Amino acid sequence: MPVLSQEQKSFFEKEGYLVIENMLDKTEVDYYSNLYRSFLNNSINASRYRSDLSGGDGKTEKITQIMVPSKLVPELLQKPIHKKSLEIAKILMGDDIELDFDMLINKAPNTNTITPWHQDAAYWIAMPDKRAASCWVAIDHAYKENGCMWYTPKSHLSSILPHVQTGNKGALKCEGSEENSVFIELQPGSCVFHQGGTLHYSRGNSTGEHRRALITNFRPAAMIALEREQGVDHTGDRAVKTKM
Ligand SMILES: O=C(O)CCC(=O)C(=O)O
């Protein structure tokens with residue numbers, strides 16, 4: 001059972017993000033690394049949930065996004081990332097918090113393609129209860145040169161900025177800058193939680209290795225029910241759903 005200090009909880013509330021080192025041990029990271037390889041090389045057929053977040057030309061996949069991997073491999077739900085990140089999310093946001101969706105995001109070697117500045121809430125329908133967080137777990141060492149995450153502290157305390165869609169059905173984008181932000185380098189198996197309103201981005205991958213992350217996303221059970229009533233299960237096209 002993960003334990004968080006009061007300091008960690010208030011940091012998450014005030015700054016909008018929180019790093020948790022070593023959530024997984026080496027054997028656990030190896031399990032995800034092998035499974036991830038099967039997703040990327042199509043031994044697991046995820047074609048209906050797979051797209052290029054870069055909104056590129058369709059020839060070279062630069063930023064692979066595979067939604068809801070646990071629908072295709074349900075055993076994931078019983079594995080350490082899902083179990084531990086849910087426990088931490090409940091500690092951070094309350095006992096009514098549940099998993100909404102999960103996803104894989106990989107930056108392929110030498111693709112040099114940023115994930116634009118955005119707030120996740122812009123992707124979602126407006127919900128009366130705004131509590132929401134993602135847990136971004138590094139499967140590979142994540143550092144500046146391969147596209148680790150950058151966050152703008154306290155940005156979740158302001159409202160949602162105007163977002164536009166990039167490329168061909170690509171990622172959403174708003175104004176943001178590295179200048180007033182922090183970068184979070186992570187060892188494999190470490191993770192960072194961020195809130196639904198926290199402004200974030202990552203640089204492109206200019207290295208010769210993959211930069212793989214598995215992300216779990218959480219919100220109140222009642223808000224997940226509201227989304228499902230409206231047909232939202234995070235497998236549809238990317239679009240701006242919440243405007244300022
Ligand atoms: O992995 C990335 O580059 C972007 C991830 C992201 O935007 C997210 O997890 O909300």
Side-chain angles (χ1 to χ4, degrees), residues 12 16-20 23 32 36 39-40 49-56 61-70 81-82 85 88-89 99-124 132-152 155-156 160-161 163-167 170-176 178 181-186 188 190-207 209-219 234 238-242:
F12 178 72
Y17 69 96
L18 178 69
V19 177
I20 308 275
M23 188 169 76
Y32 290 105
Y36 217 118
F39 272 105
L40 289 180
Y49 300 129
R50 181 169 181 155
S51 65
D52 188 348
L53 187 61
S54 82
E61 206 178 55
K62 294 176 180 147
I63 311 178
T64 303
Q65 181 172 37
I66 297 175
M67 298 307 293
V68 295
S70 64
I81 290 184
H82 285 70
S85 62
I88 295 170
L99 177 78
D100 185 356
F101 65 94
D102 48 13
M103 61 182 171
L104 307 177
I105 299 187
N106 177 48
K107 295 201 167 197
N110 300 309
T111 43
N112 295 316
T113 306
I114 66 159
T115 304
W117 286 102
H118 68 281
Q119 293 160 296
D120 291 340
Y123 281 98
W124 307 330
S134 287
C135 173
W136 192 101
V137 187
I139 306 302
D140 301 300
H141 178 203
Y143 54 108
K144 264 195 208 166
E145 290 74 17
N146 72 354
C148 69
M149 299 292 281
W150 289 69
Y151 296 99
T152 308
S155 50
H156 64 300
I160 307 297
L161 296 164
H163 284 67
V164 292
Q165 190 155 36
T166 58
L172 304 188
K173 166 183 154 179
C174 67
E175 287 296 320
E178 287 186 0
S181 301
V182 292
F183 61 91
I184 306 290
E185 297 189 328
L186 296 172
S190 291
C191 67
V192 54
F193 280 78
H194 67 261
Q195 302 213 22
T198 307
L199 197 49
H200 59 283
Y201 130 109
S202 61
R203 287 185 184 177
N205 182 0
S206 59
T207 75
E209 307 293 329
H210 287 279
R211 189 239 60 185
R212 298 170 298 171
L214 194 161
I215 297 124
T216 45
N217 179 272
F218 304 96
R219 71 181 73 252
H234 304 278
R238 282 181 282 273
V240 180
K241 293 208 176 64
T242 292

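Start at 1 and go down the list; that is how both ligands and their atoms are numbered. Only a predicted model underlies this, so the values are computations on that prediction, with no experimental measurement involved.
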Original post:
Does any donor atom in the side chain of Asn205 or His210 lie under 3.5 Å from an acceptor atom in the other side chain?
Top reply: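 On atom types as modelled, these side chains do not qualify, holding no pair under 3.5 Å.
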What short N/O contacts, under 3.5 Å, does ligand 1 make with the protein, listed by atom pair and distance?
residue: ligand 1; atom: 1 (O); partner: Trp136; partner atom: NE1; Å: 3.0
residue: ligand 1; atom: 1 (O); partner: Arg211; partner atom: NH1; Å: 3.2
residue: ligand 1; atom: 1 (O); partner: Arg211; partner atom: NH2; Å: 2.9
residue: ligand 1; atom: 3 (O); partner: Thr115; partner atom: OG1; Å: 2.8
residue: ligand 1; atom: 3 (O); partner: Ser202; partner atom: OG; Å: 2.7
residue: ligand 1; atom: 3 (O); partner: Arg211; partner atom: NH1; Å: 3.1
residue: ligand 1; atom: 7 (O); partner: His118; partner atom: NE2; Å: 3.1
residue: ligand 1; atom: 7 (O); partner: His200; partner atom: NE2; Å: 3.1
residue: ligand 1; atom: 10 (O); partner: Asp120; partner atom: OD1; Å: 3.1
residue: ligand 1; atom: 10 (O); partner: Asp120; partner atom: OD2; Å: 3.3
residue: ligand 1; atom: 10 (O); partner: His200; partner atom: NE2; Å: 3.0

**OP:** Using the ring pair (Phe, Tyr, Trp, His ring centres under 6.0 Å) rule, pick out the option among Trp150, Trp136, Tyr151, Phe12 that qualifies with His194.
**Re:**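 For His194, the ring pair (Phe, Tyr, Trp, His ring centres under 6.0 Å) test succeeds with only one of Trp150, Trp136, Tyr151, Phe12, which is Tyr151.
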Original post:
Sequence neighbours excluded, which residues qualify as ring pair (Phe, Tyr, Trp, His ring centres under 6.0 Å) partners of Trp117?
Top reply: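 Here the qualifying residues are Tyr201.
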Original post:
Looking at residues at least two apart in the chain, or sitting in another chain, which of them share a salt bridge (Lys or Arg N to Asp or Glu O under 4.0 Å) with Arg219?
Top reply: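 Applying salt bridge (Lys or Arg N to Asp or Glu O under 4.0 Å) to Arg219 gives Asp100, Glu227.
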Subject >> Pairwise side-chain contact, Trp124 with Asn217, heavy-atom cut-off 4.5 Å (strictly under) >> reply: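 Of all side-chain heavy-atom pairs linking Asn217 with Trp124, at least one is under 4.5 Å.
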**OP:** Only pairs at least two apart or in different chains count here, so list each salt bridge (charged side-chain N to carboxylate O under 4.0 Å, His left out) that has a residue in residues 190-204.
**Re:**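 Every salt bridge (charged side-chain N to carboxylate O under 4.0 Å, His left out) pair that includes a residue of residues 190-204, provided the two are not neighbours, is Glu178-Arg203.
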